[in-house]
Amino acid sequence: MANSSSVSQFLLLAFADTRELQLLHFGLFLGIYLAALLGNGLILTAVVCDHRLHTPMYFFLLNLALLDLGCISTTLPKAMANVLWDTRAISYQGCAAQVFFFVFLVGAEYWFLTIMAYDRYVAICKPLHYGSLVGSRACAQMAAAAWGSGFLYSVLHTTSTFSLPLCQGNAVDQFFCEIPQILKLSCSDAYFREVGALVCSVSLAFGCFVFIVFSYVQIFRAVLSIPSKQGRHKAFSMCLPHLAVLSLFLSTVMFAYLKPPSISSPSLDLLVAVLYSVVPPALNPLIYSMRNQELKHALWILMTRCFSEAINFHSTSADD
């Protein structure tokens with residue numbers, strides 16, 4: 001029986017069979033990747049540079065933008081490089097690193113989305129206690145807990161997955177190294193150990209989901225009781241972007257991992273993986289900035305400043 005030590009590389013799933021379609025996919029994903037870099041980079045820069053955005057809500061948004069950048073950078077560049085060089089190979093160490101960072105970043109992002117639901121619950125339902133419940137120290141502790149939990153979660157699953165003996169070849173039916181696809185390559189009884197870890201993770205994720213649902217039930221009850229139409233609009237503007245991002249994240253991940261095996265196919269699995277690993281990091285900046293006047297104002301000031309400095313630099317260079 002071959003084991004994991006005899007596998008030196010894995011073969012990822014190709015986006016298309018013909019070279020023309022491969023290059024078309026490369027161009028499409030390059031555009032999505034650059035959009036994600038630009039959008040999340042602008043949010044990071046705006047939150048760091050504008051002191052008016054130094055609040056708990058934007059602190060958590062900054063962390064979310066970092067996670068989105070890391071998440072899409074873990075999967076897409078390798079896939080695009082493989083398309084460009086017309087190969088499917090990824091090293092054993094590269095595959096393990098990809099699994100580790102992807103699980104780490106996705107797990108931490110889910111924790112941050114849960115924390116952001118709590119932040120909005122306190123802001124709307126307990127505004128008088130907001131400073132004490134979501135102060136700077138509490139924010140730092142919650143952020144550290146989210147990053148730390150994601151790290152431990154990733155160590156658990158990466159170690160468990162790559163300790164399994166592999167005897168079903170080395171072809172991964174996905175465009176990046178994904179735990180369910182790697183488990184298909186194993187024929188060991190230890191398979192059930194990773195399944196048990198996944199069940200524990202799903203249980204924990206379900207607990208967070210229940211907490212989020214409870215928070216938003218309380219939020220909407222509080223918002224609907226606000227007599228002022230302007231107050232209701234402001235509260236909804238604060239909550240709807242987070243709810244949209246959360247819905248996009250949960251719906252794609254749940255469909256990817258909970259869909260019936262009867263409707264599973266390589267092309268559908270590939271499409272779903274793109275939806276939950278590539279699309280959210282690119283769309284999240286747009287969702288958050290669409291209804292957020294403070295963030296749009298900060299981004300406008302940032303871009304105006306950069307444009308002015310570029311013009312001044314060009315004028316100075318021309319004079320010299």
Side-chain angles (χ1 to χ4, degrees), residues 39-71 101 103-154 204-205 207-220 222-223 234-250 280-281 284-285 287-299 301-302:
N40 288 289
L42 284 173
I43 287 180
L44 287 171
T45 308
V47 173
V48 170
C49 296
D50 195 327
H51 66 90
R52 290 170 298 183
L53 301 184
H54 294 175
T55 63
M57 183 175 76
Y58 292 107
F59 170 72
F60 296 135
L61 181 57
L62 180 145
N63 281 272
L64 193 67
L66 277 173
L67 290 166
D68 281 336
L69 279 176
C71 188
F101 283 109
V103 175
F104 168 39
L105 295 166
V106 170
E109 181 160 344
Y110 186 52
W111 280 107
F112 268 105
L113 289 171
T114 306
I115 292 169
M116 292 170 80
Y118 172 73
D119 172 65
R120 279 147 182 75
Y121 164 75
V122 176
I124 293 173
C125 300
K126 300 179 181 295
L128 298 179
H129 301 282
Y130 187 79
S132 59
L133 294 176
V134 196
S136 57
R137 183 173 182 177
C139 287
Q141 290 173 340
M142 287 188 286
W147 285 98
S149 299
F151 177 80
L152 293 175
Y153 175 78
S154 183
L204 186 60
C208 291
F209 177 74
V210 171
F211 175 81
I212 292 169
V213 170
F214 174 79
S215 298
Y216 269 100
V217 168
Q218 299 301 313
I219 286 171
F220 286 129
V223 169
K234 183 178 180 180
F236 276 124
S237 296
M238 181 190 299
C239 296
L240 289 180
H242 174 259
L243 202 55
V245 168
L246 183 65
S247 300
L248 179 65
F249 177 83
L250 288 178
N284 287 352
I287 293 172
Y288 271 111
S289 60
M290 191 175 297
R291 295 177 62 91
N292 192 315
Q293 296 301 323
E294 289 180 330
L295 186 57
K296 285 196 289 188
H297 182 65
L299 289 173
I301 292 175
L302 176 65

Closest heavy-atom pair, S215 versus A117, reported as atoms and distance to 0.1 Å, is CB-O, 4.2 Å

When you measure from the side chain of D119 to the backbone of V134, do you find a donor-acceptor pair of N or O atoms at a distance under 3.5 Å?
no

Where does the angle between the aromatic ring planes of F104 and F151 fall among parallel (under 30°), tilted (30 to 60°) and perpendicular (over 60°)?
perpendicular

Atom pair OG/CD of S136 and Q141 - distance to nearest 0.5 Å
9.5 Å

Sequence neighbours excluded, the answer for side-chain contact (heavy atoms from CB on, under 4.5 Å) partners of H129 is K126, S132, L133

Side chains of I301 and R52: closer than 4.5 Å at any heavy-atom pair?
yes

Would you say the side-chain atoms of S247 pair up with the backbone N or O of L243, donor to acceptor, closer than 3.5 Å?
yes

Should C239 and I124 count as side-chain neighbours, where that means a heavy-atom distance under 4.5 Å?
yes

Shortest non-hydrogen contact from A123 to P127?
O-CB, 3.5 Å

How far does CG of L66 sit from CZ of F112, to the nearest 0.5 angstrom?
9.0 Å

Taking atom CG of L53 and atom CG of L61, what is their separation to the nearest 0.5 Å?
9.0 Å

Heavy-atom closest pair (V106 atom, C71 atom, distance to 0.1 Å) is CG2-SG, 3.8 Å

Nearest heavy-atom approach of L44 to L69 is CD1-CD1, 3.5 Å

Evaluate the side-chain proximity of N284 to I43: yes if any heavy-atom separation is below 4.5 Å, no if none is.
no

Shortest non-hydrogen contact from W111 toward A146
CB-CB, 3.7 Å

How many angstroms lie between CD1 in I212 and OG1 in T114, if you round to the nearest 0.5 Å?
3.5 Å

Is there side-chain contact between V245 and P280, with heavy atoms separated by less than 4.5 Å?
no

Find out whether L113 and L64 are in side-chain contact, i.e. whether some heavy atom of one side chain is under 4.5 Å from a heavy atom of the other.
yes

Qualifying residues under ring pair (Phe, Tyr, Trp, His ring centres under 6.0 Å), relative to Y216, sequence neighbours excluded
F220, H242

Could you tell me if the side chain of Y110 sits less than 4.5 Å from the side chain of F209, heavy atoms only?
yes

Rounded to the nearest 0.5 Å, what separation is found between the OH atom of Y130 and the CE atom of M57?
7.5 Å

State the CE-CH2 distance between M142 and W147, to the nearest 0.5 angstrom.
15.5 Å

